[in-house]
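Heads up, the thing below is written out as C-alpha cells.
What you are looking at is a predicted structure, and each value in this text was computed from that prediction instead of being measured.
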Amino acid sequence: MKRNFFYLLLLSLLFQSTVTFAQDPNFHIYLCIGQSNMEGAGRIEAQDTIDIDSRFRILEALDCPEINRVKGQWYTAKPPLCRCKTGLSPADYFGRMMLENMPRQQSLGLVHVAVAGSKIEIFDKVKYQAYLDSSAKDKPWMINMAKQYGGNPYERLIEMARIAQKSGVIKGILLHQGESNTGDKTWPVQVKKLYDDILADLNLAPNSIPLLAGEVVGADQGGKCASMNEIIATLPQTLPKAIVVSSKGLPAVPDKLHFNSAGVRIFGKRYATALMASQGKKIGIDESIIIPSKNPVSAETNAPETEYPKVDELGRAIFRIEAPNVQKLQVDLGKKYDMAKDDKGVWTVTTEPLQPGFHYYYLIADDYRFSDPASESFFGIGKMMSGIEIPAPDQDFYQPKKIPHGQVRENYLYSETMGRYERFFVYTPPSYDKNTKEKFPVLYLQHGMGEDERGWVEQGKLSIILDNLIAEGKAKPMVIVVSDGGTGGMFRPKPTEDINEARKQFGAKFTPMLLNEIIPYIETNFRVKTDRLSRALAGLSWGGYQTFQTALPNLDKFAYIGGFSGAGLFNVNTELKTVYNGAFANADEFNKKVKVLFLGIGESEGQRTKGLSDALLKAGIKNTYYESPNTAHEWLTWRRCLYEFSQMIFKN
C-alpha cells in the first residue's frame with residue numbers, strides 16, 4: 001500500500017515537473033544586449049503601450065515594484081522592457097513585427113539586459129570586474145546600473161536565459177552596442193567571444209543561432225560615432241552567424257548618439273526584417289525611405305489657404321513647390337534636402353522623421369536663400385524665417401480648446417533707456433474683464449537671443465498654455481508681460497572688442513528698462529498686485545541669463561525665478577557667494593525670499609544646468625530641476641518649461 005502510494009507520488013512529481021518546465025518549441029526566445037540604444041533611449045509614447053499581442057512576452061531581469069514586476073517572471077512585453085525606468089528599445093518593435101509574420105500558435109519572448117554607456121567589455125564573463133574597476137569607475141551611474149544586475153550583467157543574462165530555456169527555445173541574439181567602442185578594431189573579436197560564451201554557458205551548439213548587430217547612428221544623420229559602422233560591417237567576417245542591421249536614414253535626437261522614438265520603431269522592424277530575410281522570408285519594407293505617407297495633413301504653421309507643406313504620421317515634412325524656372329531647389333531644416341522636379345516644374349521632397357515641436361527652415365533656390373511664401377513667418381535667429389510645427393506626443397497642453405480664453409494686448413511706451421518706442425505684449429487671463437476689482441500677480445517672461453517680443457506669443461504659444469492650465473485649475477490666473485530684451489540680433493562682438501565685456505553689455509539695458517519703465521507702466525495701466533510675492537521673472541536661453549542678471553540682485557522685487565535653458569555665467573565653485581550682490585551668500589535668507597527657483601533644460605542640451613542645480617543644492621540653495629525629455633535648445637523645451645513653472649508660482 002505504502003509502496004503504491006510513493007510510486008503514485010513519484011509519478012505525480014514527475015508529471016508536475018514536466019508540465020512546469022517543458023520547453024515549448026513554439027515559444028521563441030531572443031536575448032537582447034548592448035548599451036543605451038538597446039536599453040531603451042526612445043521616449044515611450046501612447047502608441048507603444050497599446051495593442052500589444054499577449055504572445056509577446058518579457059522575462060523580467062530584476063525586481064521592478066513600480067511597474068509590478070518580479071525578477072524571473074514572464075509578463076506581456078509592454079515597455080519598458082529593460083529595467084524599471086528605461087525607454088523604448090528596438091526589441092519592442094522587433095517582437096511586434098516578428099509576431100505579425102509568425103504562425104498564431106507561436107509566441108515570442110525576450111531576455112533583456114543592457115547597460116547605457118558601457119563598452120562591450122562589461123559583458124566579458126572574465127574581465128567585466130576589471131572594466132568596472134577601471135574604465136567605468138568615473139561613471140557612477142553605470143556602476144549603479146551594473147549593481148542592479150547583481151554587479152555582473154553577463155551573469156544575470158545567463159541566469160535569465162536559463163530560466164527562459166525552461167519555457168521556450170532560444171532562437172537568436174539582438175545586439176546594439178558600439179558607440180563606447182568607437183574606433184576599437186578588436187570589437188568584432190570581443191563580440192565573437194561573447195557569442196561563444198553565451199552559447200557554451202547555455203549548452204547550445206556552436207554557431208547555432210544568429211546574432212543581429214545594429215549599426216550606430218549613421219553619417220547621413222550626423223552620427224557622432226558613425227565611423228564605428230565600418231567596424232560593425234566587418235563582424236560577419238569574424239562571426240559568420242552575424243547579421244548587420246542598417247541604421248541608414250533613421251532619425252536621431254540632437255545628441256546624434258541616440259535614435260528618436262520614430263527611429264527606434266523602424267530600427268526594431270529592421271531587425272525583424274533582417275532576421276526573416278536570412279531565413280529566406282521577405283517581410284516589411286524600409287519605412288524611412290519607401291513607406292508612403294498615410295493621410296498627411298497641412299502643417300498648422302502654413303500661411304492661410306495653403307496646402308503644403310504637410311506633415312505625415314511619422315513626423316515627416318512633405319514639401320511641394322511650383323518653380324519651373326528654378327534649376328536647383330532645396331529645403332534647409334538644419335539639414336539640407338534636395339527636392340526633385342517633375343516635367344511640370346513641380347518640386348517635391350519628403351524629409352526624414354523630424355523631432356516633434358517647432359522648426360525654423362529656409363528654401364534655397366539656385367543658391368539663393370529665402371523664406372517659404374507658403375509658411376507663416378517667424379522672427380528667430382535674428383531674422384524672419386519660415387517655420388513648421390511637427391505634432392508632439394504631449395501637445396495637448398498647447399492646443400486650443402473650448403474653454404474661456406484670455407487676451408494678448410499690444411502695448412507701446414517710449415523707453416528712455418533704449419531711446420526708442422518699445423512694443424511689448426501683455427497676456428490677461430480669462431477672468432480679467434469679468435471682475436474689475438480683482439488684481440492679479442505678474443510673470444515677466446523673456447525670449448532668447450535672435451528673437452523678440454513676438455517669440456513667446458507666436459512660437460511659444462503662451463496664451464494657449466496658460467488658458468488651458470487656468471481652466472484645469474493647475475495655475476493661478478496671472479498677467480504675463482513679454483517685452484524685447486534688446487537681443488534681437490545674434491551676439492557678434494566687433495573685432496576690436498573684448499569678448500567678455502561685449503557679452504556683459506549684450507542685452508544689459510533690459511534690466512533698467514524692465515525695472516524703471518515696464519514694471520511701472522504695467523502697475524499703472526493694469527490691475528496687478530505690486531508686492532514682491534506677486535512678481536515672477538523667467539526667460540529662455542539668453543533671456544534666462546537676463547533673468548538671473550535682473551532678479552537675483554533685486555530679490556526685494558521678485559519671489560519667483562525661472563531659467564529655461566539659460567542661467568548665470570559664473571563659476572559655481574568659486575563665485576557662488578559673491579555673484580549677484582551676494583544673493584546666494586546666505587542660503588537660509590535666499591530660501592526665505594525666493595519661493596521658487598526653477599532650472600529647466602532639454603534632455604539633449606547637456607549637463608550644465610543639472611550641474612548648477614546640484615551645486616546650488618549642495619550649498620543649501622533650494623531649486624527645482626526639470627529636464628524636458630528628448631528635446632534640445634528649442635521651443636518644445638521652453639513650452640514645457642513654461643507649463644511646469646507656471647504651475648508652481650504664486651501659490652505661496
Side-chain angles (χ1 to χ4, degrees), residues 413 415-418 422 424 426 439-448 453 456 478-487 503-526 528-564 566-570 572 575-600 612 616 619-624 641-642 645-646 648-652:
L413 68 78
S415 168
E416 297 290 345
T417 303
M418 304 299 289
E422 286 289 313
F424 56 97
V426 179
K439 291 188 176 182
F440 298 87
V442 188
L443 165 60
Y444 294 89
L445 187 62
Q446 282 309 112
H447 59 82
E453 66 276 8
W456 271 113
M478 66 185 78
V479 167
I480 301 181
V481 180
V482 287
S483 59
D484 180 35
T487 57
R503 186 181 292 111
K504 289 179 183 178
Q505 296 305 315
F506 185 68
K509 291 184 178 180
F510 166 73
T511 299
M513 180 177 68
L514 177 69
L515 298 179
N516 302 328
E517 297 172 333
I518 292 178
I519 290 179
Y521 180 95
I522 295 298
E523 295 182 351
T524 299
N525 293 280
F526 290 86
V528 298
K529 298 177 181 179
T530 59
D531 60 292
R532 64 177 298 277
L533 291 174
S534 300
R535 289 197 206 103
L537 179 59
L540 70 88
S541 192
W542 200 267
Y545 170 74
Q546 290 177 312
T547 293
F548 266 45
Q549 293 293 106
T550 304
L552 290 172
N554 294 282
L555 294 182
D556 59 323
K557 296 179 175 64
F558 302 96
Y560 307 89
I561 302 170
F564 309 162
L569 299 176
F570 64 94
V572 181
E575 300 177 274
L576 186 61
K577 299 289 187 180
T578 58
V579 291
Y580 309 118
N581 296 339
F584 296 128
N586 187 313
D588 290 338
E589 285 188 16
F590 181 90
N591 294 334
K592 288 178 183 178
K593 290 180 179 179
V594 179
K595 303 304 180 183
V596 174
L597 175 59
F598 179 94
L599 301 173
L612 173 61
L616 291 172
I621 304 296
K622 295 179 181 178
N623 67 86
T624 298
C641 285
L642 175 62
F645 180 66
S646 57
M648 302 170 65
I649 60 179
F650 307 132
K651 294 188 175 182
N652 296 86

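- Across all their heavy atoms, Leu642 and Ser646 have their closest contact at O-OG, 2.7 Å.
- A search for side-chain contact (heavy atoms from CB on, under 4.5 Å) contacts involving Lys595 returns Leu533, Ala559, Tyr560, Asn652, not counting sequence neighbours.
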In sequence, state the C-alpha distance, the side-chain angles, and the governing distance for Tyr444 and Ile522, and then conclude on side chain to side chain contact (heavy atoms under 4.5 Å, CB included).
CA-CA 10 Å; Tyr444 294 89; Ile522 295 298; 3.7 Å; yes
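- The line from NZ of Lys439 to CZ of Phe526 is 14.5 Å long, rounded to the nearest 0.5 Å.
- Residues satisfying the side-chain contact (heavy atoms from CB on, under 4.5 Å) criterion with Thr624, sequence neighbours excluded, are Phe598, Met648.
- In this structure, CE on Met513 lies 4.0 Å from CD1 on Ile518, to the nearest 0.5 angstrom.
- Every side-chain hydrogen bond (donor to acceptor under 3.5 Å, both in side chains) that Asp484 has, sequence neighbours left out, goes to His447.
- Looking at Tyr521 and Val481, their side chains never come closer than 4.5 Å, going by heavy atoms from C-beta outward.
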Exercise answer: donor-acceptor pairs, residues 535-552 side-chain atoms, under 3.5 Å, sequence neighbours excluded:
from   : atom 1 : to     : atom 2 : distance (Å)
Arg535 : NE     : Glu523 : OE2    : 3.0
Arg535 : NH1    : Lys557 : O      : 3.0
Arg535 : NH2    : Glu523 : OE2    : 3.0
Arg535 : NH2    : Thr530 : O      : 2.8
Ser541 : OG     : His633 : NE2    : 2.8
Trp542 : NE1    : Phe506 : O      : 3.2
Gln546 : NE2    : Gly485 : O      : 2.9
Gln546 : NE2    : Gly507 : O      : 3.0
Thr547 : OG1    : Gly539 : N      : 3.2
Thr547 : OG1    : Gly543 : O      : 2.8
Thr550 : OG1    : Thr511 : OG1    : 2.7
Thr550 : OG1    : Gln546 : O      : 2.8

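- Residues that satisfy the side-chain contact (heavy atoms from CB on, under 4.5 Å) test with Pro553, not counting sequence neighbours, are Tyr580, Asn581.
- Of all non-hydrogen atoms in Glu422 and Ser415, the two that sit nearest each other are CG-CB, 3.7 Å.
- With values rounded to the nearest 0.5 angstrom, Asn623 atom CG is found 5.5 Å from Leu616 atom CG.
- Of all non-hydrogen atoms in Ser483 and Phe510, the two that sit nearest each other are OG-CE1, 3.8 Å.
- Between Phe558 and Ile519, the closest heavy-atom pair is CZ-CD1, 3.9 Å.
- Taking all atoms of both residues into account, the shortest heavy-atom contact from Leu555 to Lys593 is CB-CD, 4.1 Å.
- Here OG1 of Thr417 is found 3.5 Å from CD of Glu517. Values are rounded to the nearest 0.5 Å.
- Between Phe650 and Val596, every side-chain heavy-atom pair lies at or beyond the 4.5 Å cut-off.
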Give the table of side-chain donor-acceptor pairs shorter than 3.5 Å for residues 584-592, with sequence neighbours excluded, one pair per line with atom names and distance.
from   : atom 1 : to     : atom 2 : distance (Å)
Asn586 : OD1    : Asp588 : N      : 3.1
Asn586 : OD1    : Glu589 : N      : 3.0
Asn591 : OD1    : Lys622 : N      : 3.0
Asn591 : ND2    : Ala587 : O      : 3.1
Asn591 : ND2    : Gly620 : O      : 2.8

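- Taken from CE in Met478 to CD1 in Ile649, the straight-line distance is 4.0 Å, to the nearest 0.5 Å.
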